[in-house]
Amino acid sequence: MLLRRIWPFSRRETPEAEDVLQAKLDRRRLPKHVAIIMDGNGRWAQRRGLPRAVGHRAGVESLRCVLEACCELNIPVLTVYAFSTENWKRPVDEVNALMDLLVEYLRREVAELHAKGVRVQAIGKIGALPVMPRQELEQAMRQTAGNNKLTLNLALNYGGRVEIVEAVKTIARQAAQGALQPENIDEQFFGRYLYTAGLPDPDLLIRPSGELRLSNFLLWQSAYTEIWVTPVLWPDFGRRELLEALIAFQGRERRFGGVKV
Ligand code: FPP
């Protein structure tokens, strides 16, 4: 009982079946933008005595599965945190494994993503990625640019603070050149200088693996995002967990700082 009080998420003894969850979901009130911190790959692998890279590979399968479900549910935008500006601090073997996985994923999946109507986009300092993943990503973005079923937004070499600082620098440069008036800067204007320009803010942010932090992800865009945390590690995250998150989201009362009328 005490554990339940301090542990914000209590797993049910017998998880609900997918069809029970599907029946609970109101398909008219789904989020327009779901963001996910794909966390827990390392722990998933370590618990099995496997290299961390195996956990990341298993994480790609979860991404496949969640993307498929989002397509079925007509959720228009899915943003996933695949590599942060801080992830360069990891051992070089792990960084290389992640870059190789990205190349492999895009080569293997892009044709199917394209056929499904998925538009691949990226946020982050993409120009600083190694040549192979960068070229593969650019090719995937070009090939799928005309699609509108779902936008798969890959956060790669992404950091929320860097994103804000870059936007401020661009705005300051333009102001110094007299190309814009500081008085005209408001929240909407600022949003156009972020990597996510043109995308709606995330309605729902999912964090697997039980950590209760944002980890520098979509800091500006998450101002009024509903956050759902689960102890399930990302490689074990599937359709059922996505449905649980969506149902929890539908149970939230979103006031955006106002009051319920
Ligand atoms: C965090 O788990 C996860 C990452 C840093 C990488 C996420 C990447 C993938 C799921 C695969 C690559 C993506 C694509 C699009 C091909 P962690 O390693 O920090 O886990 P831990 O907290 O348990 O150590």
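Read the numbers this way: they start at 1 and go in the same order the structure lists the ligands and their atoms. Note: hydrogens, waters and symmetry copies are ignored here, and every other heavy atom, side chains too, is used. For this chain, numbers begin at 1 and follow the sequence in order. Predicted model, so just to flag it, every value in this text is computed and none were measured.
- Within the 4.0 Å heavy-atom criterion, the part of N87 lying near ligand 1 is the side chain and not the backbone.
- When each of Q121, H33, E163 is tested with T196 by the rule side-chain contact (heavy atoms from CB on, under 4.5 Å), just one qualifies, namely E163.
- Residue contacts with ligand 1 include G40, since one of its heavy atoms falls under 4.0 Å from the ligand.
- Counting protein heavy atoms only, atom 8 (C) of ligand 1 is closest to A82 O, 3.6 Å.
- The pair R108-E61 meets the salt-bridge criterion, with a side-chain N (NZ, NE, NH1 or NH2) lying under 4.0 Å from an Asp/Glu carboxylate O.
- Contacts with ligand 1 closer than 4.0 Å are made by no heavy atom of V80, backbone or side chain.
- Between D203 and the options R254, K32, R252, R29, a salt bridge (charged side-chain N to carboxylate O under 4.0 Å, His left out) holds for only R254.
- Shortest contact from atom 15 (C) of ligand 1 to any protein heavy atom: L63 CD2, 3.8 Å.
- Under 4.0 angstrom from ligand 1, there are no non-hydrogen atoms of R108.
- At a heavy-atom distance under 4.0 Å, no atom of R57 approaches ligand 1.
- Salt-bridge annotation for E187 and R192: absent, with no side-chain N of the basic residue lying under 4.0 Å from a carboxylate O of the acidic one.
- Here the side chains of L150 and R119 are not in contact, with every heavy-atom distance at 4.5 Å or above.
- A salt bridge is absent between D93 and R52: the closest approach of a Lys/Arg side-chain nitrogen to an acidic carboxylate oxygen does not fall below 4.0 angstrom.
- Annotation for ligand 1: atoms under 4.0 Å from non-hydrogen atoms of Y105 are 16 (C).
- The shortest N or O to N or O distance between D39 and ligand 1 is below 3.5 Å.
- Under the 4.0 Å criterion applied to side-chain N and carboxylate O atoms, K24 and E16 are assigned as salt-bridge partners.
- Nearest protein neighbour of atom 20 (O) of ligand 1, counting heavy atoms only, is G42 N, 3.0 Å.
- Among protein heavy atoms, the minimum distance from atom 10 (C) of ligand 1 is reached at N41 ND2, 3.4 Å.
- Which parts of ligand 1 touch L102 is read off a 4.0 Å heavy-atom cut-off, strictly below it: atoms 16 (C).
- Between F256 and Y224, the two ring planes are tilted [angle within 30° to 60°].
- Remark: minimum distance from atom 3 (C) of ligand 1 to any protein heavy atom is reached at M38 O, 3.1 Å.
- Remark: side-chain polar atoms of D100 are not paired, donor with acceptor, to backbone N or O of A97 under 3.5 angstrom.
- Both the sub-6.0 Å distance and the 45° axial angle are not jointly satisfied by R47 relative to the ring of W44.
- Looking only at distances, no side-chain donor or acceptor of R207 sits under 3.5 Å from a matching main-chain atom of D39.
- The protein non-hydrogen atom at the shortest distance from atom 4 (C) of ligand 1 is H56 CE1, 3.9 Å.
- The closest protein non-hydrogen atom to atom 12 (C) of ligand 1 is V60 CG2, 4.0 Å.
- Residue contacts with ligand 1: R90 is included, with a non-hydrogen atom under 4.0 Å away.
- Near R43, the atoms of ligand 1 lying under 4.0 angstrom from a non-hydrogen atom of the residue are 21 (P), 22 (O), 23 (O), 24 (O).
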